[in-house]
Trainee: 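Dropping a structure here in structure tokens format, bear with me for questions.
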Amino acid sequence: MSIIVSKWKKIIISVALLACIALTACSGGGAEEGDGSYTVAGATETIRILSGSENQELEHILKECAEETRVNLEITYQGSVDIMRELQQGAQEYDAVWPASSLWISMGDTGHITKHSQSVSLTPVVFGIRKSLAEELGFTSGDVSVQDILAAIQDKSMTFCMTSATQSNSGASAYIGFLYALSGKQGALTAEDLEQDALKNEIRELLSGIDRSSGSSDWLKDMFLNGDYDAMVNYECLIISANQELEKRGEEPLYVVYPYDGLSIADSPLAYVDHGSAAKEEAFLAVQEYLLSDEAQEKIQRTGRRTGYEGVSESNSDIFRSDWGIDTQKVLSPITMPSAEVLLEALNLYQTEFKKPSLNIYCLDYSGSMAGEGRDQLVEAMGQILIQENARQNLLQATEGEVNIVITFSDTVSHVYEAADASPESLQSLYDQIREEECGGGTDMYAAAEEGLRILKENYDISGYSPAIIMMTDGQSNGGGTYTDFEAVYREAGLDIPIFSIMFGDAEEVQLQGLAQLTNARVFDGREDLIGAFRSVKGYN
């Protein structure tokens, strides 16, 4: 969805948003989202594209594109807000950007370095609800409003999964749609609207229905498929992709619900980043021309993306199935997006006041191998999260009611530290304790994870939080605890607690992937950018 920004607003964006939305949602090691490289014989140019993760579904088309155009393609997947940030900094490492929405190019391209921007496809942001539940709620027999969804959450009939509004375009778009609908506005939201007590109360109640969050739309789909959840908010194309997998398994599909009063659309713009190379520009235009060709557009529709605001081709009607609630005949009518300043204020309110508070348990490795540079980097990374003036620069500041606990470990659990509350002073005190911790001994991450699980189970009603255990280690766990022991403890606890891990140094990836698979979480690679990895993982709850 495009947004027209006046010259003075762009000045505001270049300063305020660079400071306040400098997000690194998927940047903890780059390849975490599955970067793609397509090299073909005879190619004389390589186009480096910074793309939203949702475009991973198009990789077979990109491979064909490289072969047809004789242009090598290198794809790096990051969040749309990261693409905006990269544009603000000049995008020197890239020849093109491909975010989910034109919004992020409009706000990011303060230096006017992009050109030839064209929409490759369209996909609305929708609710995908287990079909039997959608029928029970009456959502399969007529139009559904955001108020209808809020009512289902208020009476405990439904919960849902959604990406973070400060980390992902799908989450930001859905959230702005919720605000728009709940405010009852016909025009764009204003700063005054965000101050209304009724709106604040209703958006808190609606967001309280989120039982799992994510920093990536594509990973949200994978998480949903690996778990047991009622619904998710995501792109229509990713709901279709999820349904194809559910049907293959013989499981119940999701029913697509379009909130008529809060609908947002991702227009998937592909834009050239002009660094002065005529040869690069020519190669980019060849790639873009292929993706916009009738042949490629037909294949893109086969992935569940629309290529216009009305209808799909007859040959692709089997993809957009009406029994899944998909309506290709209805003209899509998206909401009016707010100004940049209002969007920024709305995102800050989401992070600090509106979203369900996080319950973070950080398990930090202080074994002997961490002494020196490793320990220094770990302390600096935690400072980016706990010191609130740092966190504010990345829209990762603490939410009202948030709980932060740190477990330090080596071959045993060393200390458990807890911030008294979510105030800047309390979080600074927690950081100071981390900074004073000394390294020594071996590594037993399972003991730390088990202690974290015990704290959550015995001391908190996790239904009121977005809980997560965040594991950081630089080596192989070689203490008394084993994966088998921890698996038994985790299953007995019966809690849906993700254990996100950050690889560092010589960390044993197989062990960390085992924890991720057990708990429906993921592993972040912090070996090149530990600070970025910490910021990324924090965006997942």
Side-chain angles (χ1 to χ4, degrees), residues 1 3 17 20-21 23 25 52 54 79-81 84 99-101 103-104 107 123-128 145-150 153 158-185 188-191 193-196 198-217 220 231-236 238 257-266 334-358 395-397 399-400 466 539-541:
M1 181 182 305
I3 184 171
L17 286 177
C20 298
I21 316 183
L23 302 174
E54 66 282 346
S80 291
V81 285
M84 179 197 70
S101 170
L103 170 68
W104 308 109
M107 294 201 299
T123 190
V125 178
V126 300
F127 273 83
S145 69
V146 171
Q147 283 286 354
D148 294 330
I149 292 168
L150 173 60
I153 292 165
M158 186 184 82
T159 59
F160 64 99
C161 306
M162 189 178 92
T163 60
S164 167
T166 58
Q167 305 296 305
S168 167
N169 179 72
S170 66
S173 297
Y175 166 63
I176 296 301
F178 297 159
L179 289 173
Y180 181 91
L182 294 174
S183 71
K185 289 295 292 288
L189 284 170
T190 66
D193 294 327
L194 297 176
E195 293 301 317
Q196 299 301 312
L199 177 61
K200 288 183 175 184
N201 291 335
E202 288 190 328
I203 194 64
R204 286 191 187 101
E205 287 189 81
L206 182 55
L207 296 177
S208 73
I210 298 175
D211 54 3
R212 282 291 295 270
S213 185
S214 166
S216 159
S217 303
L220 182 75
M232 69 170 160
V233 174
N234 215 325
Y235 301 117
E236 180 187 63
L238 293 183
V257 170
Y258 308 84
Y260 68 83
D261 53 352
L263 184 66
S264 298
I265 296 177
I335 64 168
T336 302
M337 294 299 284
S339 68
E341 312 91 281
V342 175
L343 175 61
L344 175 60
E345 177 61 18
L347 292 176
N348 270 305
L349 287 169
Y350 169 89
Q351 185 65 28
T352 59
E353 295 185 29
F354 294 163
K355 79 182 199 63
K356 185 186 291 187
S358 299
L395 271 183
L396 291 174
Q397 59 266 51
T399 309
E400 184 178 335
S466 292
Y540 275 65
N541 77 323

Trainee: Testing the basics here: between Leu150 and Leu206, what is the closest heavy-atom pair and its distance to 0.1 Å?
Mentor: CD1-N, 3.7 Å
Trainee: Can you tell me which residue among Asp148, Val146, Ile335 is in a side chain to side chain contact (heavy atoms under 4.5 Å, CB included) with Pro259?
Mentor: Val146
Trainee: Roughly how far apart are Leu349 CG and Thr166 OG1, rounded to 0.5 Å?
Mentor: 12.0 Å
Trainee: Test your reading of the model: is there a side-chain donor-acceptor pair from Lys185 to the backbone of Tyr180, 3.5 Å cut-off?
Mentor: no
Trainee: Heavy atoms, side chains only, cut-off 4.5 Å: are Cys161 and Asp211 in contact?
Mentor: yes
Trainee: Would you say the side chain of Asn234 lies within less than 4.5 Å of the side chain of Glu54, judging by non-hydrogen atoms?
Mentor: no
Trainee: What's the spacing between Leu344 CG and Glu341 CD if we round to 0.5 Å?
Mentor: 8.5 Å
Trainee: Rounded at 0.5 Å granularity, tell me how far OG in Ser358 sits from CG in Asn541.
Mentor: 4.0 Å
Trainee: Do you know the tightest heavy-atom contact between Met232 and Leu238?
Mentor: CE-O, 4.5 Å
Trainee: Can you find a heavy atom in the side chain of Leu395 that is under 4.5 Å from one in the side chain of Tyr350?
Mentor: no
Trainee: Would you compute the distance between atom NZ of Lys200 and atom CG of Leu182 and round it to the nearest 0.5 angstrom?
Mentor: 14.5 Å
Trainee: Can you give me the closest heavy-atom contact between Ala231 and Met158, atom names plus distance?
Mentor: CB-SD, 4.3 Å
Trainee: Examine distances only and state if a side-chain atom of Tyr175 and a backbone atom of Ala346 form a donor-acceptor pair shorter than 3.5 Å.
Mentor: yes
Trainee: State, with a plain yes or no, whether a side-chain heavy atom of Ser216 is found less than 4.5 Å away from one of Tyr540.
Mentor: yes
Trainee: Working note: Leu103 + Met84, criterion side chain to side chain contact (heavy atoms under 4.5 Å, CB included); need CA distance, chi angles, decisive distance, verdict.
Mentor: CA-CA 9 Å; Leu103 170 68; Met84 179 197 70; over 6 Å; no
Trainee: Would you give the length of the straight line joining atom CD of Glu345 to atom CG of Leu189, rounded to the nearest 0.5 angstrom?
Mentor: 12.0 Å
Trainee: Please confirm whether the backbone N or O of Glu236 pairs with a side-chain atom of Thr123, one donor and one acceptor, at under 3.5 Å?
Mentor: yes
Trainee: So, for Gly215 and Ser168, which heavy atoms are closest and what is the spacing to 0.1 Å?
Mentor: O-CB, 3.8 Å
Trainee: Between OG of Ser101 and CE of Met337, what distance do you get to the nearest 0.5 Å?
Mentor: 6.5 Å
Trainee: Does Thr352 use its side chain to pair, donor to acceptor, with the backbone of Thr399 at less than 3.5 Å?
Mentor: no
Trainee: Report yes if some heavy atom in the side chain of Asn169 is under 4.5 Å from a heavy atom in the side chain of Pro99; otherwise report no.
Mentor: no
Trainee: Run Arg212 and Thr159 through side chain to side chain contact (heavy atoms under 4.5 Å, CB included) and show every step you take.
Mentor: CA-CA 9 Å; Arg212 282 291 295 270; Thr159 59; over 6 Å; no
Trainee: Are a donor atom and an acceptor atom from the side chains of Ser170 and Ser217 found within less than 3.5 Å of each other?
Mentor: yes
Trainee: I'd like to know if the side chain of Asn201 reaches the main chain of Ala198, judged simply by a donor and an acceptor atom lying under 3.5 Å from each other, with no hydrogens or angles considered.
Mentor: no
Trainee: Looking at every non-hydrogen atom in both residues, tell me the closest pair between Leu396 and Gln167 and how far apart they are.
Mentor: CD2-NE2, 3.4 Å
Trainee: Above 12 or not: heavy atoms from other molecules or residues under 6.0 Å from CD of Glu353?
Mentor: yes
Trainee: Give a yes or no on whether the backbone of Ala188 and the side-chain of Thr336 come within a donor-acceptor separation of less than 3.5 Å.
Mentor: no
Trainee: For Ala165 versus Ala172, what's the shortest heavy-atom pair and its separation?
Mentor: O-CB, 3.3 Å
Trainee: Take the angle between the ring planes of Phe178 and Phe160 and call it parallel below 30°, perpendicular above 60°, tilted in between.
Mentor: perpendicular
Trainee: Is there a side chain to side chain contact (heavy atoms under 4.5 Å, CB included) between Lys355 and Ile210 once you walk through the steps?
Mentor: CA-CA 9 Å; Lys355 79 182 199 63; Ile210 298 175; over 6 Å; no
Trainee: Looking at Val125, is its backbone amide N or carbonyl O close enough to the side chain of Ser264 to form a donor-acceptor pair, meaning the two atoms are under 3.5 Å apart?
Mentor: no
